[in-house]
Amino acid sequence: MIITGEQVTKNLEEKCQVVIIGSGAGGGAIGAELAENGVDVIILEEGGYYTSKDFVPDPTKMIPMLYRDAGTSMIMGSPAIIFSEGCCVGGSTVINGGMCWRVPEKILKRWNIEFGLTDITPKTLEPFYEKVEKIINVAPQAPESLSKAEMLVHRACTKLGYLIRRNRRNQLNCTGEGLCVFGCPTDRKRSVLVTYIPKALNAGARLYADCRVKRIITNGNRATGVECHILDRATKKKKYTLKISAQLVICSAGAIQTPALLLGSKVGNSSKQVGKNFLCHPNVKIVGIFDQEVRYWAGVHQGHQVHEFLEEGMLFALGGVHPSLVSLSLPGYGRKSLELMELWNYMIVAGALIDDTTYGKVIRLPWGAPLAMYQIDDIEYERMLRAVALMSEIMFTAGARKVLLPFFQLQEINGMDDIKKIFSAGIKKEEIETLTVHAFGTTRMCADPKRGVVNQWGQVYDTERLFVVDGGIIPTSLGVNPQETIMALATRSGQYILENKNKFLG
Amino acid sequence: MAKNFSRGTERIIKALIETLKPRKPGFDPPAEEQMLQVADDFIGALPSHMKILFPLGLRLLEYGTLIFGPSPIPFSRMSLESRDKYIKGWIESKISLRRDLIKGMKAIAMTGYYAHPEVMKHIGYNLIDHLNKINVVDLNTPPAVPCDEEACNYFRELEKTGKWGPAEGLPGRAKKYGENV
């Protein structure tokens, strides 16, 4: 049963065994795992409930509807990093590109050595990944769904000897609409909205949409429920209150919202690590301009990824998004902007995900909102320049005549010989255009309660009956897209709770 | 009348939209209303601290002419040519706050502009034709129509010859955990 804000006409009180805050990759997966095993679950989601019938290819409607703060969230720093996350039932899985990769083995080794997470190994994670991949239908793309741009870039990488991998995406018979970031209008992207949420609901879970959690209620050292505001969807203002008593509280609000909620509720922070260790995979983009028509948007978003430089902290992919969004990363305005955008069908947009080498933090502002801060360090800066240079090399090899760059001081280059200018132009860190869609680390797992917020099952150290199950528990940068790992860890936490019912639900 | 900002703020935003709007001789569609509507919607969705800071930033733009020139007239009352010069000064400023404000405003204005039907048609973004072409099968049937014939043939051939590369779950060169590749 889904209850939306407009259906609520009075203040409410509810009881359940488990209340889950957030309906995205973590909350959806653990919600289904618990509900299907007979647990009485309530899932709470701050955003609205929409289905594929509501999804239209219009950014002016979809971004305010599906994105937190209408996509205007910023991570403060120099440069500021534009941050996008979903705020709707299904969370960011509704608006992401649908990339599904398992965590690299060397990262798991690092978790073991640096954070004492000895039970999270390739072997122990395997069944959870398998389960997730089956539910969300992880598969490579069919040839029919790929654009000409994918072919040109694949040929270029092959020529350069760079490893380019078929992307693994949660999709079923994807035809290549290229509308992932506005919600898939045909349900071919198997987001949490169309997989885990229906499973949870069919098993009897209740879901409140338009519901913002204000506080986790505690009794002594034990979480006993949550206090929420039911929101008016249009104004996002409080209409009614909802109080839920539960035997177990699970936070799955994401690595930026969850720490603010824990800090505001004064729980979980005896290690002083809540909100610290923030990681975000800063991204940079370039645009290749070709003489031939490539229509890069006419095909799936990220059919391939370049994995040649993963070990060096860089992952590249093409991004097929709406002209409104591409225009933002192009230099200039007015006539210059139009003349560039008239080359729309001759463009290929590519982006690089940079593996973090530093940490930021998330603080809670006095009125309860989170503020994320991240200062790109010198290593990431060097990686960004290198990533832009390597992506430019791929573009020129693919036939581009010009590449537009994310640097204020050097806005374009016109051939292979110009690539060296990227390193000699005196590009300043603070003048690089950056963005991201990933967030981790702010409630990290660690075997040592002094260095982490949760144990390896997501259980909060200093508060009984409280779990965190979202990207925040991931203790290091992954270097690859995180949604599948978040779902696998959430499923694993769900199974741990089920195996210890007496302890957590008794 | 905008829902989410005052008349004073609306005047500044309208002047900004007029300055930033992409146009050239022979193509200047009437997109201002949509651009303003989108700005209104997006500003309404800003987080609470930004709802306070953004109008303050706009006031800095409006009256910053006293400090940054080219004339002491407020931004929204300048000629289009003067506004253009003034905005360039903000875009090229060494102060990141000035650059970021214009970047934010550009984002809001451009989203509305490039989502305008006449503009999408002008740049050749015929999405509906693409969707109609490829969506000829139901959810349970594999795609039947290539997005691009040449690309489809290229990848089919790679698949046939086993040269498309691995499709397993680990990133990079590894195919399975525990495998040294």
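A, B, ... follow the sequence lines: proteins, then strands. Residue 1 opens every chain.
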Note to self: Once side-chain contact (heavy atoms from CB on, under 4.5 Å) is applied, do any residues pair with N135(B), and if so which ones, sequence neighbours excluded?
What the structure shows: T175(A), E177(A), T186(A), R188(A), L131(B)
Checklist line | Close approach to chain B in residues 147-154 of chain A, criterion heavy atom under 4.5 Å | finding: S147(A), K148(A), E150(A), M151(A), H154(A)
Notebook entry, point to check: Should K160(B) and E157(B) count as an ion pair when the cut-off is N to O under 4.0 Å?
Noted result: yes
Does any backbone or side-chain atom of [X] lie under 4.5 Å from a heavy atom of chain B? Answer side chain, backbone, both or neither.
| X | result |
| --- | --- |
| V103(A) | both |
| E126(A) | side chain |
| R155(A) | both |
| E339(A) | side chain |
| P366(A) | neither |
| I63(A) | side chain |
| Q305(A) | neither |
| I82(A) | neither |

Note to self: Give the interface residues of residues 47-59 of chain B toward chain A, defined by a heavy-atom separation under 4.5 Å.
What the structure shows: P47(B), S48(B), H49(B)
Check: For S73(A), what residues pass the side-chain hydrogen bond (donor to acceptor under 3.5 Å, both in side chains) criterion, not counting sequence neighbours?
Finding: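 Testing S73(A) for side-chain hydrogen bond (donor to acceptor under 3.5 Å, both in side chains), a comparison that skips the adjacent residues, returns D69(A).
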Margin query: Tell me whether the rings of W164(B) and H304(A) are parallel (<30°), tilted (30 to 60°) or perpendicular (>60°).
Written below: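 Because their plane-to-plane angle lies in the 30° to 60° range, the rings of W164(B) and H304(A) count as tilted.
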